Amino acid sequence: MKERTAGPALLILPALIALGVFFLYPLLSMLVSAFTDPEPGLGNFAWFFGEQANMQVLGRTFSTAFWVTLVALALSYPYAYAMTIAGPRAKAVLTLLVLVPFWTSLMVRTFAWVILLQDTGVINKALGAIGMGPFSLIRTQTGVVIGMVQLLMPFMVLPLYAVMSGIDRRLLSAATSLGAHPVKAFLQVYVPQSLPGVSAGCLTVFISALGFYVTPALLGSPTDALISQQIFTQVNGLLKWGRGGAMGVVLLGLTLAMIALLAVTLRRTGRKVTG
Amino acid sequence: MPSSIQLTGLTKTYADFVAVDDVSLAIEPGEFMTLLGPSGSGKTTTLNIIAGFVRQTSGELTVDGASIGATPPHKRDMGMVFQHYALFPHMTVAENIAYPLKQRKVPKARRAELVAAAMETVHLGDFGHRYPRELSGGQQQRVAVARAIVYNPRVLLMDEPLGALDKKLRDWLQLEIKRIHAELGTTFVYVTHDQDEALVLSDRIAVFNKGRIEQVGPAAELYERPRTLFVAKFLGESTVLRGPVDGQGLGACARLLRVPGSIEGRDGALVVRPERLAVRKQGHEAESGWNALPATVTGEIYLGSSRKLELKLPDGSPALAREQAGGLSEARVGDEVTLTWRVADSVLLPDESDAEAVLT
């Protein structure tokens, strides 16, 4: 009995080793440096929470992630719904449209947005042609949000679709036969059942957005930097490993708190819907 | 006050397919009307037109004399029970049953009373706080019925509500549905493909075939006096003798069989129900008013209270006789016998070769 369980357990050893070397070790060294570099103590955290600018960066990071999540949800919900009601061919096209960008390099897509969003870029030229603009899109928070939404949308669409495709839409007919207006039926019967997909998608997008580096660096302005850019500046530009580490620890702590919060609500709604 | 429903020339066509073809039907207040037919016969589409889920291509639909053909489903004030239960999985049983009351803005205290009363009616015990997935199929369907009757709709529509349940439960719930109908007095429109279910439940049955109604009437009338071969074959079992008909009778198995009534210049089908066929000793002479045919017993099915004999007629076609226990003949498999029946107990119908195709 003992030998039989030991065999399969060994199979996860390579993954554990890889995780230990490439993830846990750097994470621990970050933690250690946050508390020890340049001298042991909480100095790095005192610096982080003491500087007004750092609080602004943290606030901006969260507000950007919030807007990215909100816009991605607003675009993905109807999109995923359309995927569930589309015929097989239309569904294949819609799925491909989500996945193709997913398979394209993040760098390539970000540069594509640089071209599109420029003051003399395609979007502003098109708007100019109908007598609007030009708007400053690049080097603004709006530009960053636009780029990040497009990059992160697959992470919203796919969990939404997974949950929605399991919802019985005949329940909507049942609700209208019982006297519910079709809009009410959708809000009272369909939406509650789709909530596990909403929270899974929002969690993934929000957390990914918190740590985004390349897109805000290329599409945003240096004065509107997000926390990942500040970490890069501290570590790479100023060689303040301890401060970078402290910022990383704060970001990690806040992210874990978010996951814990959502896991609790997820379990509560999940119990209702699927048990 | 139960409602009457009137369908007049109802037609629904899809691109190249006529799902419902000129259906007219008057359903009386408080009546239990069953739409019976094989799958694809248009019965469910007709029900969905009444419910408002499907919009008719042409024709008129009225309830209590008022046209509702263009009314959206949520304003029709009808209750519907689906084959797949259609309970809301994220609501408890009590919340499910209260849902239509909430839509009608019934005050909360009154809602609780009505929910309790509806659960009482369908004999659902103390299940209010449970979720649908925690209940068995039969219990879920009871919840669905309670939800559909709690707001006292003017009509209750049921789309094969017992189709997903096993035989034993189905038999029992049939009686429950009959009891609920008697208790409420509401007009019921019930769709099924199960002839036994239709016979047990209905005041009247409308038999559907290829989008049309073949015949409407009480079960006994459909069984004893079918007007088409399709109805005869769909409802109950029968022996069918086909042949040309003239003033003298119907020619089949190299004999001239006497027939009730006549149909001129066409091929006819003489239908005899199994309990009307008597199995006699070989060579038995037909009395006046009776027909007789030689046959061979090919099979025997013992059913306890009765037995069925499968027979082969001289032209090779099958026949079926049913004998009540206590009145069993001595015929055994392989015996040559004579089948007799009273002419008045048979039905002469025009032969439709396509009645066969639908049933197989």
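If you're wondering where the values come from, they're calculated on a predicted model, not measured in any experiment.
Identified by a heavy-atom distance below 4.5 Å to chain A, the contributing residues of residues 103-123 of chain B are B:Q103, B:R104, B:K105, in residue-number order. Residues of residues 160-188 of chain A having a heavy atom under 4.5 Å from any heavy atom of chain B, listed by number: A:D168, A:R170, A:L171, A:S173, A:A174, A:A175, A:T176, A:S177, A:L178, A:G179, A:A180, A:H181, A:P182, A:K184, A:A185, A:Q188. Taking 4.5 Å as the heavy-atom cut-off, none of the residues of residues 75-89 of chain A approach chain B.
For B:R55, there are no salt bridge (charged side-chain N to carboxylate O under 4.0 Å, His left out) partners two or more places apart in sequence or in a different chain.
If you measure heavy-atom distances from B:L87 to chain A, the contacts under 4.5 Å come from the backbone alone.
Ranked by heavy-atom pairs under 4.5 Å with chain A, the first of B:A148, B:A144, B:P153, B:A86 is B:A86.
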